[in-house]
**Q** 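Pasting a structure below so you can have a look.
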Amino acid sequence: QVQLVISGGGSVQAGGSLRLSCAASGYTYSNVCMGWFRQAPGKEREGVAVLDTGGGSTYYTDSVKGRFTISRDNARNTLYLQMNSLKPEDTAMYYCAAGSRVRDVCYAYSRYYRYWGQGTQVTVSL
């Protein structure tokens, strides 16, 4: 049984940092797409950052480029999202997900991701 367990959310003031972790059991982060998504109230789920664990390529949505970093620890089978210079508009429920490539590409669309973590709230205040 695949489980993705997220930790590290919380509340922080604007300009602060948080690191999210996504630990996998029953699943190996090898040659698959791993992503972080977020959903704010009243908005659609958005792909924030994606990592192709096969080739190592990454994708970031424009609003987080230069502030967020996606990475993984193979030994711990854990995915991370380092979030720096947080802004109030980053406030959302954050999810990690695992999925497959589509025509050899890892896309940041939630419909391509089969396994999901439970979500963790990130709240950024002024």
Side-chain angles (χ1 to χ4, degrees):
Q1 182 180 0
V2 176
Q3 280 193 315
L4 302 179
V5 179
I6 304 172
S7 60
S11 298
V12 65
Q13 288 190 321
S17 298
L18 286 172
R19 188 176 80 157
L20 305 182
S21 300
C22 177
S25 60
Y27 191 84
T28 301
Y29 292 152
S30 175
N31 209 27
V32 295
C33 303
M34 298 299 305
W36 287 99
F37 295 78
R38 67 186 179 187
Q39 189 166 18
K43 294 189 176 181
E44 293 187 354
R45 189 167 296 190
E46 172 190 28
V48 175
V50 170
L51 170 66
D52 184 332
T53 63
S57 60
T58 57
Y59 159 87
Y60 297 93
T61 193
D62 285 346
S63 62
V64 308
K65 284 180 181 176
R67 301 188 298 121
F68 290 13
T69 303
I70 187 171
S71 64
R72 66 168 176 158
D73 183 327
N74 292 341
R76 297 176 185 270
N77 211 27
T78 299
L79 183 75
Y80 301 101
L81 184 68
Q82 178 66 43
M83 305 185 292
N84 299 328
S85 303
L86 282 160
K87 303 176 180 180
E89 50 264 44
D90 295 318
T91 295
M93 186 71 76
Y94 283 71
Y95 301 87
C96 69
S100 302
R101 298 186 190 87
V102 176
R103 294 181 292 277
D104 293 328
V105 176
C106 288
Y107 289 99
Y109 300 118
S110 58
R111 63 182 179 271
Y112 296 141
Y113 291 78
R114 179 178 180 183
Y115 301 108
W116 290 83
Q118 80 281 12
T120 188
Q121 179 67 36
V122 171
T123 302
V124 185
S125 58
L126 288 171

**Q** Nearest 0.5 Å, please: how far is OG in Ser71 from CG in Leu81?
**A**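 These two atoms lie 8.5 Å from each other.
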**Q** Do Arg19 and Tyr80 meet the cation-pi criteria used here (NZ or CZ under 6.0 Å from the six-membered ring centre, within 45° of the axis)?
**A**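 The answer is yes; both the distance and angle limits are met.
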**Q** Does any part of the side chain of Arg101, heavy atoms only, come nearer than 4.5 Å to the side chain of Asp52, both counted from C-beta?
**A**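 Yes - at least one pair of side-chain heavy atoms lies under 4.5 Å apart.
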**Q** Would you confirm whether Gln121, through its side chain, and Gly10, through its main-chain N or O, come within 3.5 Å as a donor-acceptor pair?
**A**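 Absent.
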**Q** Taking all non-hydrogen atoms of both residues into account, name the closest pair between Trp36 and Leu79 and its distance.
**A**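 That closest heavy-atom pairing would be NE1-CD2, 3.4 Å.
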**Q** For a quick check under 3.5 Å, do Arg72 and Asn77 share a side-chain donor-acceptor pair by atom type?
**A**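 Their side chains do not contain a donor-acceptor pair, so the 3.5 Å distance test is not met.
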**Q** State whether the number of non-hydrogen atoms from other residues, nucleotides or ligands found under 6.0 Å of Tyr109 atom OH is greater than 12.
**A**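 Counting neighbours around OH of Tyr109, 12 or fewer heavy atoms of other residues, nucleotides or ligands fall under 6.0 Å, so no.
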**Q** Transitively linked via ILVMFWY side-chain contacts under 4.5 Å: Met93 with Leu4?
**A**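 No, no single cluster joins them.
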**Q** Using modelled atom types and a 3.5 Å cut-off, is there a donor and acceptor pairing between side-chain atoms of Thr120 and backbone atoms of Ile6?
**A**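 No, Thr120 side chain to Ile6 backbone: no donor-acceptor pair under 3.5 Å.
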**Q** Is the backbone of Glu89 close enough, under 3.5 Å, to the side chain of Thr91 for a donor and an acceptor to pair up by distance?
**A**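 Not confirmed, Thr91 side chain does not pair with Glu89 backbone.
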**Q** Nearest 0.5 Å, please: how far is OG in Ser125 from CD in Gln13?
**A**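 The CD atom of Gln13 sits 5.0 Å away from the OG atom of Ser125.
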**Q** Do Arg67 and Asp90 have side chains that approach each other closer than 4.5 Å (heavy atoms only, starting at C-beta)?
**A**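 Yes - at least one pair of side-chain heavy atoms lies under 4.5 Å apart.
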**Q** Within 45° of the axis and under 6.0 Å from the centre of the six-membered ring of Tyr95, does NZ or CZ of Arg38 qualify?
**A**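 No.
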**Q** Can you see which heavy atom on Glu46 is nearest to which on Thr61, and at what distance?
**A**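 Here Glu46 and Thr61 meet closest at OE2-OG1, 3.6 Å.
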**Q** Report the distance from atom CZ of Phe68 to atom CG of Asn84, rounding to the nearest 0.5 Å.
**A**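 Between atom CZ of Phe68 and atom CG of Asn84 there are 8.5 Å.
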**Q** For the pair Thr53 (side chain) and Asn31 (backbone), establish whether a donor and an acceptor sit closer than 3.5 Å, ignoring hydrogens and angles.
**A**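 Side chain of Thr53 to backbone of Asn31: a pair is present.
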**Q** For the ring pair Tyr113 and Phe37, is the centre-to-centre distance below 6.0 Å?
**A**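 Yes.
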